[in-house]
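These notes concern the structure reproduced below.
Residue indices begin at 1 and follow the sequence shown. Scope of the values below: all heavy atoms of this structure, side chains included, with no hydrogens, waters or symmetry mates. Just so we're clear, the structure is a prediction, and the values are computed from it rather than from any experiment.
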Amino acid sequence: QVQLVESGGGSVQAGGSLRLSCAASGYTYSSYCMGWFRQAPGKEREGVAGIYTGSNITYYADSVKGRFTISQANAKTTLYLEMNNLEPQDTAMYYCAAGVRSSCLGRALLVPMAYNYWGQGTQVTVSS
């Protein structure tokens, strides 16, 4: 059973930074893709960044390119999202997700339906 637990959310002012973490367990490391998604009130869940476990292949939403960085810990059991130069429109609940690699090829890394497992979310609030 795959389990994902996010942490690191909080409240910051515009221009600030946060690092989100996702502790993952219960999956075969080399067979998955992992991603960060966010959902603001009244809006659909959207992909922020995705990565194939065990690789450096990443995809980013256009809205966060150059500001956010997705990475994996050396032990490959923790996923990170480094968020810099945060903007008020980045305010949302952020979710970590994992999916079977064959279901999230290419741009599907940013598609919520490609993922099977989800964490409980961590809130990020950016004030102007």
Side-chain angles (χ1 to χ4, degrees):
Q1 180 72 18
V2 177
Q3 292 186 328
L4 304 170
V5 180
E6 303 98 332
S7 60
S11 297
V12 296
Q13 289 190 328
S17 299
L18 285 172
R19 188 175 79 159
L20 306 184
S21 300
C22 174
S25 61
Y27 70 102
T28 303
Y29 169 69
S30 62
S31 303
Y32 279 75
C33 53
M34 297 192 74
W36 287 99
F37 294 79
R38 66 187 182 187
Q39 189 167 18
K43 295 188 177 180
E44 293 186 354
R45 189 168 298 188
E46 63 173 352
V48 174
I51 189 169
Y52 296 114
T53 54
S55 81
N56 293 320
I57 300 172
T58 58
Y59 279 88
Y60 293 92
D62 290 342
S63 58
V64 305
K65 281 181 182 177
R67 300 188 298 121
F68 290 12
T69 303
I70 187 171
S71 63
Q72 303 164 98
N74 290 335
K76 305 298 190 296
T77 58
T78 305
L79 184 73
Y80 298 105
L81 185 68
E82 186 76 33
M83 305 185 295
N84 297 313
N85 194 21
L86 283 160
E87 302 168 353
Q89 51 265 41
D90 295 318
T91 294
M93 185 71 79
Y94 282 71
Y95 297 91
C96 172
V100 176
R101 196 161 188 155
S102 59
S103 298
C104 45
L105 299 176
R107 294 293 294 181
L109 269 174
L110 300 181
V111 176
M113 287 186 62
Y115 290 77
N116 306 97
Y117 305 99
W118 294 85
Q120 82 288 352
T122 185
Q123 178 68 37
V124 171
T125 302
V126 184
S127 58
S128 57

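Ile70 contributes atom CD1, which lies 9.5 Å from atom SG of Cys22 (distance to the nearest 0.5 angstrom). Rounded to the nearest 0.5 angstrom, Thr78 OG1 and Gln72 CD are separated by 10.0 Å. Atom CD of Gln39 sits about 9.5 Å away from atom CD of Glu46, to the nearest 0.5 Å. Separating the OG atom in Ser11 from the CG atom in Leu86 is a distance of 11.0 Å, to the nearest 0.5 Å. Taking CG of Leu4 as the reference point, atom CG of Leu79 lies at 9.0 Å (rounded to 0.5 Å). Here Ile57 contributes atom CD1 and Ile51 contributes atom CD1; the two are 9.0 Å apart, rounded to the nearest 0.5 Å.
No side-chain heavy atom of Met83 sits less than 4.5 Å from a side-chain heavy atom of Val126. Trp36 has its side chain out of reach of Phe68: every pair of non-hydrogen atoms, C-beta onward, lies at least 4.5 Å apart. Side-chain contact between Thr53 and Met34 is present, with at least one heavy-atom pair separated by less than 4.5 Å. Between Arg67 and Asp90 the shortest side-chain heavy-atom distance falls below 4.5 Å. Between Gln123 and Thr91 there is a side-chain heavy-atom pair separated by less than 4.5 Å. Residues Thr69 and Tyr60 have side chains in contact (heavy-atom distance under 4.5 Å, counting atoms from C-beta outward).
No donor-acceptor pair closer than 3.5 Å links the side chain of Gln120 to the backbone N or O of Val5. The backbone N or O of Tyr59 sits nowhere less than 3.5 Å from a side-chain atom of Arg107 that would complete a donor-acceptor pair. Proximity of a side-chain donor or acceptor of Tyr115 to a complementary backbone N or O of Cys104 within less than 3.5 Å is not detected.
Atom CD of Glu44 has 12 or fewer heavy atoms from other residues, nucleotides or ligands within 6.0 Å. The number of heavy atoms from other shown groups lying within 6.0 Å of CD (Gln89) is above 12.
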- List the steps and the verdict of side chain to side chain contact (heavy atoms under 4.5 Å, CB included) for Leu81 and Arg38. CA-CA 12 Å; Leu81 185 68; Arg38 66 187 182 187; over 6 Å; no
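In the hydrophobic clustering of ILVMFWY residues, with side-chain heavy atoms under 4.5 Å counting as a link, Leu109 and Val100 come out apart. Hydrophobic clustering, with ILVMFWY side chains joined whenever heavy atoms are under 4.5 angstrom apart, groups Tyr94 together with Val2. Taken together through direct or relayed side-chain contacts under 4.5 Å among Ile, Leu, Val, Met, Phe, Trp and Tyr, Leu20 and Val12 form part of one hydrophobic cluster. Hydrophobic clustering places Val48 together with Tyr117 (ILVMFWY residues linked when any side-chain heavy atoms are closer than 4.5 Å, directly or through intermediates).
Nearest heavy-atom pair, Pro88 versus Ser127, reported as atom, atom and distance to 0.1 Å: CG-C, 4.5 Å. Considering every non-hydrogen atom in both Ser103 and Ala108, the closest pair reads O-CB, 3.9 Å. Nearest heavy atom pair, residue Cys33 against residue Tyr52, reads CB-CD2, 3.9 Å. Across all non-hydrogen atoms, the minimal contact from Asn85 to Ser17 is N-OG, 4.2 Å. Heavy-atom minimum distance, Cys96 versus Glu6: N-OE2, 2.7 Å.
Tyr95 and Trp118 have perpendicular rings, their planes meeting at more than 60° on a 0 to 90° scale where under 30° would count as parallel.
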